[in-house]
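One structure is given below, encoded as structure tokens.
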Amino acid sequence: MSGFMGNRSTGNGFAGFVLRRAVGVLVTLLAISVIIYVVFYVTPGNVAQITCGPRCSPAQVQQVADQLRLDDPLYVRYWHFLEGLVAGQDYSTGTAVQHCPAPCLGLSYQSDQQVTELILTKLPVSLSLVFGSMVMWLILGVGTGVLSAWRRGRLSERVLTGVTLVGVATPVFVIGLVLMIVVCGELELLPFPQYVNLTDDPEQWAWNLLLPWLSLALIEAAAFARLTRSSMLETLAEDHIRTFRAYGVGERSVIGRHALRGAFAPVIALNANNVGSAVGGAVLTETLFGLPGIGRELVHAVDVVDLPVVVGMVLVVGFFVVIANALADVLYAVADRRVVLA
């Protein structure tokens, strides 16, 4: 009976933990939207003039300002922005009224295209890049960290540590440029990347993204290798590991079954944080390799001061970072129920 009550209490505690994290996600996303909206819309320069072009007359500039509601107070425009996210919004394009369904992130100043539609066309490219890289950096980073801890004090461990330090210190665009020159240019082992839809040709999709994946993964894998190594060394020094060894459990079983499991919790947390940094690295990677993703579109939107596109894309990036961290908290709690009670 007491065991049942204990399990029920733990279940209620876990449900409450998940609920608190969900509320925290909503509050964080709202705060991010306020900060981003204020930062980007309180900018110097005449947005209407930039949008209309240098040859527009004052009357044309004012017409653009009216269409974009730029003369409304900032808090009014932000409220309309929130309304669009929840219920959609109608926009005047000068010749017609266009309805933007929820979640509406506004219309592009340059093309009158709905920002949500624009993001949805670019999102598969960025998700392919980030999640493909994530698989590679987990395999490379965790594998290197485990091997480095296992071979502690030997030449192979020193070589792996040196490679890890080089990876941490090298910018992603340098690694990408070197790989592209050597692998695509000199050795001709891979084609110069051109994005192919996963549904059209899965093999060509992966083949063309292999080099961008590797460029982004090498940077992130270095951090995972260092964390995994330190966590493994700490776990290997614990009493229960010494007990397993004293009972004659094989070293591979000690490493793979017991030590790695205990050292994996910090890796979960780091992986969520690395998703955010990988999104930032994806901006450079997409630009370097010419991939038509969110990062490349964001750079273009900043160049032409297309504020709705900039705000919408930064919000989407922030959304994925916050969700990734929330999922990491939940997975961490699943791995260690003590987190729920903390």
Applying the 4.5 Å side-chain criterion to the ILVMFWY set and letting contacts propagate, would [X] and [Y] be lumped into a single cluster?
X	Y	result
Val135	Leu211	no
Val34	Leu307	yes
Val76	Ile36	no
Val38	Tyr75	no
Leu189	Leu210	yes

Note, [X] side chain near [Y] side chain (heavy atom, < 4.5 Å):
X	Y	result
Tyr195	Asn208	no
Val18	Arg21	no
Arg296	Leu291	no
Asn197	Trp205	no
Val125	Ile294	no
Ile323	Val25	yes
Leu198	Ser128	no

Of all the heavy-atom pairs spanning [X] and [Y], show the shortest one and how long it is.
X	Y	result
Ala102	Leu85	CB-O, 3.5 Å
Pro191	Trp207	CD-NE1, 3.2 Å
Pro212	Leu129	CB-CD1, 3.6 Å
Ala221	Leu140	CB-CB, 3.9 Å
Leu105	Cys100	N-SG, 4.4 Å
Ser215	Leu179	OG-CD1, 3.5 Å

Nearest-0.5 Å distance that lies between atom [atom1] in [X] and atom [atom2] in [Y]:
X	Y	atom1	atom2	value
Leu123	Thr116	CG	OG1	11.5 Å
Ile181	Leu187	CD1	CG	12.0 Å
Met134	Leu127	CE	CG	10.5 Å
Phe131	Leu209	CZ	CG	14.0 Å
Phe320	Leu327	CZ	CG	11.0 Å
Glu286	Glu297	CD	CD	10.0 Å

For the backbone of [Y] and the side chain of [X], can you confirm whether one donor and one acceptor N or O come within less than 3.5 Å of each other?
X	Y	result
Asp306	Tyr109	yes
Thr121	Leu118	yes
Thr144	Gly141	no

Candidate pair Gln114 and Leu107, rule side chain to side chain contact (heavy atoms under 4.5 Å, CB included), full reasoning
CA-CA 5 Å; Gln114 295 180 15; Leu107 301 183; 3.5 Å; yes
Parallel, tilted or perpendicular, judged at 30° and 60°: which one describes the rings of Trp137 and Phe224?
parallel
Could you walk me through whether Leu288 and Met180 satisfy the side chain to side chain contact (heavy atoms under 4.5 Å, CB included) test, starting with their C-alpha distance in whole Å, then the side-chain angles of each, then the deciding distance to 0.1 Å, before giving a yes or no?
CA-CA 10 Å; Leu288 176 64; Met180 191 159 52; 4.1 Å; yes
Please tell me whether His80 and Glu83 have a donor and an acceptor in their side chains that are separated by less than 3.5 angstrom.
yes
The single option from Leu218, Leu216, Thr285, Leu214 that satisfies side chain to side chain contact (heavy atoms under 4.5 Å, CB included) with Ile175 is Leu218
